Number of protein chains: 2
Amino acid sequence: MKSASRGSTRERILDVAQRLVQTRGYNGFSFHDLAKELGIRTASIHYHFPTKADLGVALLQRYRARFRSELEGISAKGGDPLRRLTQFAGLFERTFKTGNQLCLCGMLSAEVATLPQEVAGEVEHFFEESEGWLADALAAGKKAHKMAFAGSANAQARMFLAVLEGAMVVARGMRRTAYFQGVARDYLAKLKHA
Amino acid sequence: MKSASRGSTRERILDVAQRLVQTRGYNGFSFHDLAKELGIRTASIHYHFPTKADLGVALLQRYRARFRSELEGISAKGGDPLRRLTQFAGLFERTFKTGNQLCLCGMLSAEVATLPQEVAGEVEHFFEESEGWLADALAAGKKAHKMAFAGSANAQARMFLAVLEGAMVVARGMRRTAYFQGVARDYLAKLKHA
DNA sequence: GTCTATAAGATGATAGAC
DNA sequence: GTCTATCATCTTATAGAC
């Protein structure tokens with residue numbers, strides 16, 4: 001039984017495509033790769049997604065909707081701000097632990113010069129939303145004296161995002177799986193005790 | 001006059017290849033792209049580099065040698081540790097300011113699953129050397145009470161490297177050129193005043 | 001050292017049968 | 001909705017002339 005054998009064909013295509021983008025990049029996989037893994041023909045993939053750009057856009061839209069939903073879930077639980085940030089980092093940690101996968105948008109960001117314009121726009125929105133959500137949590141934490149940092153909540157949100165994305169990239173390049181977790185935890189610890 | 005018209009053909013090939021990897025990725029350019037920009041034929045490129053893997057290895061060896069030389073230059077000037085770190089960040093800033101280029105190894109790190117094993121090994125060494133150099137500067141700065149941070153110099157070096165690599169990735173994805181500089185400066189300021 | 005010519009395979013995509 | 005068949009183009013690479 002294949003790893004992505006649940007759901008509609010359309011969803012299964014997106015499942016495999018997402019994993020391949022996160023491991024090999026947008027330019028690192030082909031319709032043939034998808035077809036082979038799914039046990040179908042490339043023509044069937046073109047039925048669901050006429051072009052690779054269509055597939056890319058659909059992938060990003062699903063990913064962003066899911067990510068937004070996860071952030072809403074974290075916010076809804078109403079834990080303290082530091083816990084919310086820890087859970088945000090946990091999303092990235094879970095991804096990296098799954099076969100050293102990068103954040104989908106971190107990977108696409110690197111390749112942005114080669115992407116269809118629509119896909120690049122989705123990547124941009126992902127980071128804007130993430131930065132906004134992080135800034136809210138950081139501002140709340142600072143106001144409640146649960147965390148301390150110099151400068152604006154927005155500046156700190158940008159730093160946190162850079163730390164998480166960068167830690168994934170370097171951890172992968174160094175082939176040191178524990179690297180990501182170490183950096184993420186150090187950052188959160190510093191935020192608490194600063 | 002082409003942008004890379006100085007030096008031997010071999011060097012000019014490497015110049016163009018490096019820029020293309022840093023902007024489009026290893027899987028985002030072809031021998032045809034190189035040939036077109038250089039005004040030669042793909043067969044001529046194969047004369048200098050029989051395979052793309054050979055080109056990749058040569059590119060990384062040159063890049064690492066140059067980077068090591070720059071780090072030695074910074075160390076040789078013997079400024080205080082914080083200044084050394086600022087200059088390290090300056091190397092990355094200069095790269096990003098040149099057409100939003102990523103760190104060569106940051107880009108290749110994302111694509112590591114698709115790279116020839118030899119190239120992946122070079123990427124790994126790049127990060128190991130960088131981490132070591134940064135840890136030395138951080139340890140010296142802490143000892144001299146010029147900077148303050150919790151935990152080991154190695155942990156802090158990993159964090160700094162993640163910040164720089166991640167800031168490049170996010171800045172590119174958000175198409176916000178100032179993002180990188182902001183994050184890098186905030187990090188250095190915090191190191192000083194912590 | 002660079003060229004022309006060429007080739008095998010990969011890639012993105014379409015037409016039309018079932 | 002999936003298939004076979006086919007396509008033009010791109011990509012990496014080689015042989016041999018100049």
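Values in this document were obtained by computation on a predicted structure and should not be read as measured data. Each chain gets a letter, A, B and so on, in the order the sequences are listed, and its residues count up from 1.
For the pair A/Tyr63/A/Leu59, no side-chain contact is recorded, criterion being any heavy-atom separation below 4.5 Å from C-beta on. When side chains are defined from C-beta on, B/Arg12 counts as touching B/Thr9, because their heavy atoms get closer than 4.5 Å. B/Leu71 has its side chain out of reach of B/Glu129: every pair of non-hydrogen atoms, C-beta onward, lies at least 4.5 Å apart. No side-chain heavy atom of B/Ile13 sits under 4.5 Å from any side-chain heavy atom of B/Arg10.
For the pair B/Lys97 and B/Phe180, the cation-pi test (distance below 6.0 Å, angle within 45°) is failed.
The side chain of B/Thr51 places no N or O atom within less than 4.0 Å of a non-bridging phosphate oxygen (OP1 or OP2) of D/dT12. In this structure, B/Tyr47 reaches the C/dG1 phosphate: one of its side-chain N or O atoms is under 4.0 Å from OP1 or OP2. Between A/His46 and D/dG1, a side-chain N or O to OP1/OP2 separation shorter than 4.0 Å is absent.
Nearer the 5' end of DNA chain C, as judged by each residue's closest nucleotide, is the contact made by B/Ile40, out of A/Phe49 and B/Ile40.
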With 3.5 Å as the limit, what N/O pairs link the protein to nucleotides 4-9 of chain C?
unit_1, atom_1, unit_2, atom_2, d
C/dT4, OP2, B/Arg41, NE, 3.2

Below 3.5 Å between N/O atoms, which protein atoms pair up with nucleotides 9-11 of chain D? Just atom names and distances, please.
unit_1, atom_1, unit_2, atom_2, d
D/dT11, OP2, B/Ser30, OG, 3.2

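B/Arg10 has its CZ atom 14 Å from the C1' atom of C/dG1, to the nearest Å. Rounded to whole Å, the distance from CD1 on B/Ile13 to P on C/dG1 is 11 Å. Remark: P of C/dT2 and CD1 of B/Ile45 are 10 Å apart, rounded to the nearest angstrom. Between A/Asp54 atom CG and C/dT14 atom P the separation is 10 Å, expressed in whole Å.
Side chain of A/Arg172 to backbone of A/Asn100: a donor-acceptor contact under 3.5 angstrom is found.
Between B/Trp133 and B/Phe88, the angle of the ring planes stays under 30°, which puts this pair in the parallel group of the 30/60° scheme. Using cut-offs of 30° and 60° on the angle between ring planes, the pair B/Phe67 and B/Phe92 is perpendicular.
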